[in-house]
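Only one structure is covered here, and it is reproduced in the block below.
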Amino acid sequence: MDETYFSRHTEFAWEIAPHGAMRVPAIIYADAALIRAMDDKVYEQICNVATLPGIVKAAYAMPDAHWGYGFPIGGVAAFDPEEGGVVSAGGVGFDVSCGVRCLHTGLKTEDILAVQEILADSLFNQIPAGLGSTGAIHLNSAEMDAMLLGGADWAVNQGYGNAADLERIEEGGQMRGACPDCVSAHAKQRQHDEMGTLGSGNHYLEVQKVAQIFDTPTAQAFGIQEQDVVISIHCGSRGLGHQIGTEFLRKMVTAAPQYGITLPDRELACAPINSPLGQEYLGAMRAAINCALANRQILTHLTRQAFSHFFPDAQLSLLYDVSHNTCKVETHLVDGNTRELYVHRKGATRAFGPGHPDLTATLRAAGQPVLIGGSMGTCSYILAGTEQREALAFSSACHGAGRAMSRHQAKKNWRGRKIMDDLAARGILIRSPSLRGVAEEAPDAYKNVSSVVNTADQAGLARKITCLEPLICIKG
DNA sequence: ATGTAC
């Protein structure tokens with residue numbers, strides 16, 4: 001993108017003044033190199049978001065932002081229902097509540113190296129991965145509704161994991177206000193056999209070592225030391241979330257004129273929060289959030305089973321679970337006033353600072369762990385929310401490296417087999433049902449995660465705590 | 001991201 005599009009607020013904040021139908025400014029957090037490399041669609045899309053009714057303060061893009069459906073991926077926007085604010089299916093994204101959780105293992109790198117190949121094979125055998133993959137769990141209608149209401153809490157009650165896991169999940173593992181009746185039969189049917197499955201695309205399960213610590217006291221508060229082994233699971237709400245997104249997007253496009261909403265791009269389809277359709281979507285989306293939380297909880301159970309075979313004494317405890325495709329009601333201070341806002345984060349992670357009342361007691365002093373997944377074969381990061389910078393983007397940070405290239409282009413540039421061989425030579429074992437999927441996910445098809453994270457840190461969105469390097473990656 | 005689709 002051309003730097004002259006912006007007035008540069010600080011070294012890491014680039015502002016677009018309101019023009020045309022924009023109600024508020026748009027702000028992109030990035031360094032100069034990321035801005036130059038960012039595709040022009042982010043500019044267009046973030047300006048479009050700024051035109052939506054009831055938007056508060058500004059439309060934001062994170063350093064990993066790239067072209068998405070309607071809203072950019074890496075976008076944050078908050079709306080006030082009292083001012084005609086809207087909720088948008090495209091502003092949440094199709095993979096509702098896609099997110100990352102990170103587990104401690106209590107193991108060290110050398111423990112994994114001793115069994116690396118067979119552990120990789122075992123995880124690959126026991127974690128269903130890939131497009132259309134199904135699991136061993138099949139939910140009847142009553143169980144489906146209970147899952148959509150209960151989330152990870154439901155999963156724990158079914159025997160997948162333990163109660164201690166729940167306090168390390170956003171919303172305590174259960175999103176309130178879910179409405180299973182707002183979820184279509186078709187969406188439920190698509191999820192019937194997909195609980196406890198990883199999915200495809202950028203989803204993965206990684207065994208990682210803590211390679212570097214940048215903030216020792218906070219790392220200690222998170223229970224992390226160098227050379228510790230952790231496991232990160234990145235996945236979402238599978239077919240159910242996708243179906244909900246598809247259906248409500250269509251409904252919102254149709255209903256927009258009757259709500260007097262003019263859309264600069266039909267992909268921005270939305271409905272007033274205070275409308276039947278808006279409420280119906282919020283109920284369905286919250287059910288999909290619970291689906292994703294339950295899914296990651298079941299995958300955690302499967303991972304524990306696989307590990308127990310090799311390490312019978314290992315206790316896999318949950319460090320934290322974040323969702324990065326959501327719309328959540330949160331209280332924020334805006335120009336000195338406390339307001340209840342509907343915060344859309346699409347490819348953006350919540351990043352509550354120290355002292356936030358929604359954080360569990362054991363994490364409140366340190367701030368929320370912000371889990372940033374890298375691309376395949378590259379580092380991931382753990383950051384922490386910052387209190388003083390809450391105002392920057394409604395307590396939000398980036399969510400990953402962010403694509404730099406389309407899947408189509410990536411398939412033309414790389415071969416999956418070659419990528420797997422190159423990574424194996426560096427001690428990183430990839431297991432995937434799809435070589436084409438591996439090519440689409442080539443590390444160089446993504447932005448440099450380290451520069452994205454450094455920018456998030458320097459911009460004050462969140463603080464860098466540790467860097468994780470992959471040892472095993474089960475790729476969807 | 002997703003049973004590349006009514």
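Not measured: the values here are computed from a predicted model. The basis for the numbers below is simple: all heavy atoms, side chains too, and nothing from hydrogens, waters or symmetry mates.
- Interface residues of residues 95-102 of chain A facing DNA chain B, ordered by number: Asp95(A); criterion, heavy-atom separation under 4.0 Å.
- For DNA chain B, no stem formed by at least three consecutive Watson-Crick or G-U pairs, with both atom-pair distances below 3.5 Å, is detected.
- The closest side-chain donor-acceptor pair between Ser432(A) and Tyr204(A), if any, does not fall under 3.5 angstrom.
- In this structure, NE2 of His408(A) is placed 13 Å from C1' of dT4(B), rounded to the nearest angstrom.
- Rounded to an integer number of Å, the gap from Leu249(A) CG to dA5(B) P is 15 Å.
- Per the geometry, CZ belonging to Phe94(A) stands 14 Å off P belonging to dT4(B), to the nearest Å.
- Close to dA1(B), at under 4.0 Å from its OP1 or OP2, lies a side-chain N or O of Arg407(A).
- As a whole-Å value, the separation of Ile244(A) CD1 from dT2(B) C1' is 13 Å.
- Atom CZ of Phe248(A) is separated from atom C1' of dA1(B) by 18 Å (rounded to the nearest Å).
- Contacts of Gln191(A) with the nucleic acid, taken as non-hydrogen atoms under 4.0 Å apart, are absent.
- Using a 4.0 Å heavy-atom cutoff across all strands shown, Gly93(A) reaches no nucleic acid atom at all.
- Of the listed residues (Gln191(A), Arg190(A), Gln189(A)), just one forms a side-chain hydrogen bond (donor to acceptor under 3.5 Å, both in side chains) with Gln243(A), and that residue is Arg190(A).
- When the side-chain nitrogen and oxygen atoms of Asn325(A) are compared with OP1 and OP2 of dA1(B), none of them lie within a distance under 4.0 Å.
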Go through Glu171(A) and Arg286(A) one step at a time and tell me if the salt bridge (charged side-chain N to carboxylate O under 4.0 Å, His left out) criterion holds. CA-CA 11 Å; Glu171(A) 323 297 337; Arg286(A) 289 167 182 152; over 6 Å; no
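- Atom OH of Tyr204(A) and atom P of dA1(B) are 11 Å apart (whole Å).
- Between Glu441(A) and Ser375(A), every side-chain heavy-atom pair lies at or beyond the 4.5 Å cut-off.
- Here Ser200(A) reaches the OP1 or OP2 of dT2(B): one of its side-chain N or O atoms lies under 4.0 Å away.
- Residues Ser97(A) and Glu170(A) fail the side-chain proximity criterion, which asks for heavy atoms closer than 4.5 Å.
- Using a 4.0 Å cut-off on heavy atoms, none of the residues of residues 134-149 of chain A approach DNA chain B.
- At the heavy-atom level, His234(A) lies nowhere under 4.0 Å from the strands shown.
- Here the C1' atom of nucleotide dA1(B) and the CD atom of Glu247(A) are 16 Å apart, to the nearest Å.
- Tested against Thr455(A), the residues Ile35(A), Leu461(A), Leu34(A) include a single side chain to side chain contact (heavy atoms under 4.5 Å, CB included) partner, Leu34(A).
- Screening Thr466(A), Leu363(A), Val230(A) for a side chain to side chain contact (heavy atoms under 4.5 Å, CB included) with Phe222(A), the sole residue that qualifies is Leu363(A).
- By the 30° and 60° cut-offs, the orientation of the rings of Phe394(A) relative to Tyr60(A) is perpendicular.
- Rounded to whole Å, atom P of dC6(B) lies 10 Å from atom NE2 of His242(A).
- Listed pair Arg238(A) / dA1(B) fails the phosphate criterion, with no side-chain N or O lying under 4.0 Å from OP1 or OP2.
- Atom CD of Glu340(A) is surrounded by 12 or fewer heavy atoms from other residues, nucleotides or ligands within 6.0 Å.
- Within the nucleic acid shown, Gly236(A) has no heavy atom closer than 4.0 Å to any nucleic acid atom.
- The closest side-chain heavy-atom distance from Arg168(A) to Arg101(A) is not below 4.5 Å.
- Proximity of Val100(A) to Thr349(A): side-chain heavy atoms (C-beta onward) are nowhere separated by under 4.5 Å.
- Formation of a donor-acceptor pair under 3.5 Å by the Tyr29(A) side chain with backbone atoms of Leu392(A) is found in this model.
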